[in-house]
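Not measured: the values here are computed from a predicted model.
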Amino acid sequence: TDGERQAAQRLLIRMVRPGEGVEDTRQRTAMPQADPVAEATIRKLADVARAAREVTERGYRAVKTNLILWGDTPSADYVGFQAGAGNTDGVLTPRRLADAVAQMTAIRDVIGPDVELILDVKFNLKPESILQLLRALEPVNLAWIELDLYDPEALLEIKRATTTPICSLETLFYGEQFRPYFDNAP
C-alpha cells in the first residue's frame, strides 16, 4: 500500500530534493521503534530496492540510508548506541559486510549512477571495520559516508585511506571539542 511504502521510506531512506533554494529540504526518518509499519514493510532486499526506486521516480537525486540488520525482523542498524543482542562491538563480521554490500549494491543498481548514494553508519563500527566497508563499497561509488568517531587520529587515518568523502562530527557541540580534529588536520 502507499502507506506502507511511505513508512518504509521514513525508516530507511532520507531524501533530498535538489534545486529548492537554500532551505533544508531533507526529510527526517523515524527510529524503527517509532514506526512499526515501516519496520514490518522491509523484509528482504527487494523491499529496499523498491523503496529506492520509488525515491528516484519521485524526482529525488540523493538517497541516504543506514545499514540494515537482517534477521527475523529486519531493522536499521543502531547497535552502536546499545549493548546486548546484535551488538558486535563495532566489528564488521563477514556476514554483516556481505549484507552491507548487497544492500548498497541493490540500491545503486536501482537508482543508477546519476543519483547520489549516501551511507550513515553512525557510531556502529570501529575504524578498522569502516575501512573494510569502504573498500568493499568502492564499486557503488558513495557520494559520502557519514560516521561518528571520537578519535581524531582514527578519523584522519580513514580519510587518508579512502577516496570516499567523509561527513562526521555532528555529535560535537562546543569549540573545544573540535580542536583535536583541527590540530590533527593535514
Is any side-chain heavy atom of [X] closer than 4.5 Å to a side-chain heavy atom of [Y]?
{"X": "Arg50", "Y": "Val110", "value": "no"}
{"X": "Leu133", "Y": "Leu125", "value": "yes"}
{"X": "Leu169", "Y": "Tyr181", "value": "yes"}
{"X": "Ser168", "Y": "Leu155", "value": "yes"}
{"X": "Ile107", "Y": "Val63", "value": "yes"}
{"X": "Met104", "Y": "Thr65", "value": "yes"}
{"X": "Asp148", "Y": "Val121", "value": "no"}
{"X": "Asp114", "Y": "Arg61", "value": "no"}

So, for [X] and [Y], which heavy atoms are closest and what is the spacing to 0.1 Å?
{"X": "Gly90", "Y": "Ser129", "result": "O-OG, 3.1 Å"}
{"X": "Tyr174", "Y": "Phe178", "result": "O-CD1, 3.3 Å"}
{"X": "Val48", "Y": "Trp70", "result": "CG2-CH2, 3.9 Å"}
{"X": "Pro180", "Y": "Pro152", "result": "CB-CG, 3.5 Å"}
{"X": "Ala49", "Y": "Ala106", "result": "CB-O, 4.3 Å"}

Look up atom [atom1] in [X] and atom [atom2] in [Y], then write down how far apart they are to the nearest 0.5 Å.
{"X": "Asp109", "Y": "Arg53", "atom1": "CG", "atom2": "CZ", "value": "10.0 Å"}
{"X": "Ile130", "Y": "Thr164", "atom1": "CD1", "atom2": "OG1", "value": "12.0 Å"}
{"X": "Leu92", "Y": "Glu128", "atom1": "CG", "atom2": "CD", "value": "11.5 Å"}
{"X": "Ile118", "Y": "Cys167", "atom1": "CD1", "atom2": "SG", "value": "8.0 Å"}
{"X": "Leu142", "Y": "Leu137", "atom1": "CG", "atom2": "CG", "value": "5.5 Å"}
{"X": "Ile166", "Y": "Ile145", "atom1": "CD1", "atom2": "CD1", "value": "7.5 Å"}

Pair Glu146 + Lys122, salt bridge at N-O below 4.0 Å
no
Quick test of your reading of the model: are Lys44 and Asp47 salt-bridged, counting only N-O distances below 4.0 Å?
yes
Using modelled atom types and a 3.5 Å cut-off, is there a donor and acceptor pairing between side-chain atoms of [X] and backbone atoms of [Y]?
{"X": "Arg108", "Y": "Asn141", "result": "yes"}
{"X": "Gln177", "Y": "Phe173", "result": "yes"}
{"X": "Thr162", "Y": "Leu134", "result": "no"}
{"X": "Gln103", "Y": "Asn66", "result": "yes"}

When you look at CH2 of Trp144, are more than 12 heavy atoms from neighbouring residues, nucleotides or ligands closer to it than 6.0 Å?
no
For Tyr150, the ring pair (Phe, Tyr, Trp, His ring centres under 6.0 Å) test, sequence neighbours excluded, returns Phe123
Spell out, yes or no, whether Leu172 and Leu149 are grouped together once hydrophobic residues are joined by side-chain heavy atoms under 4.5 Å, including indirect joins.
yes
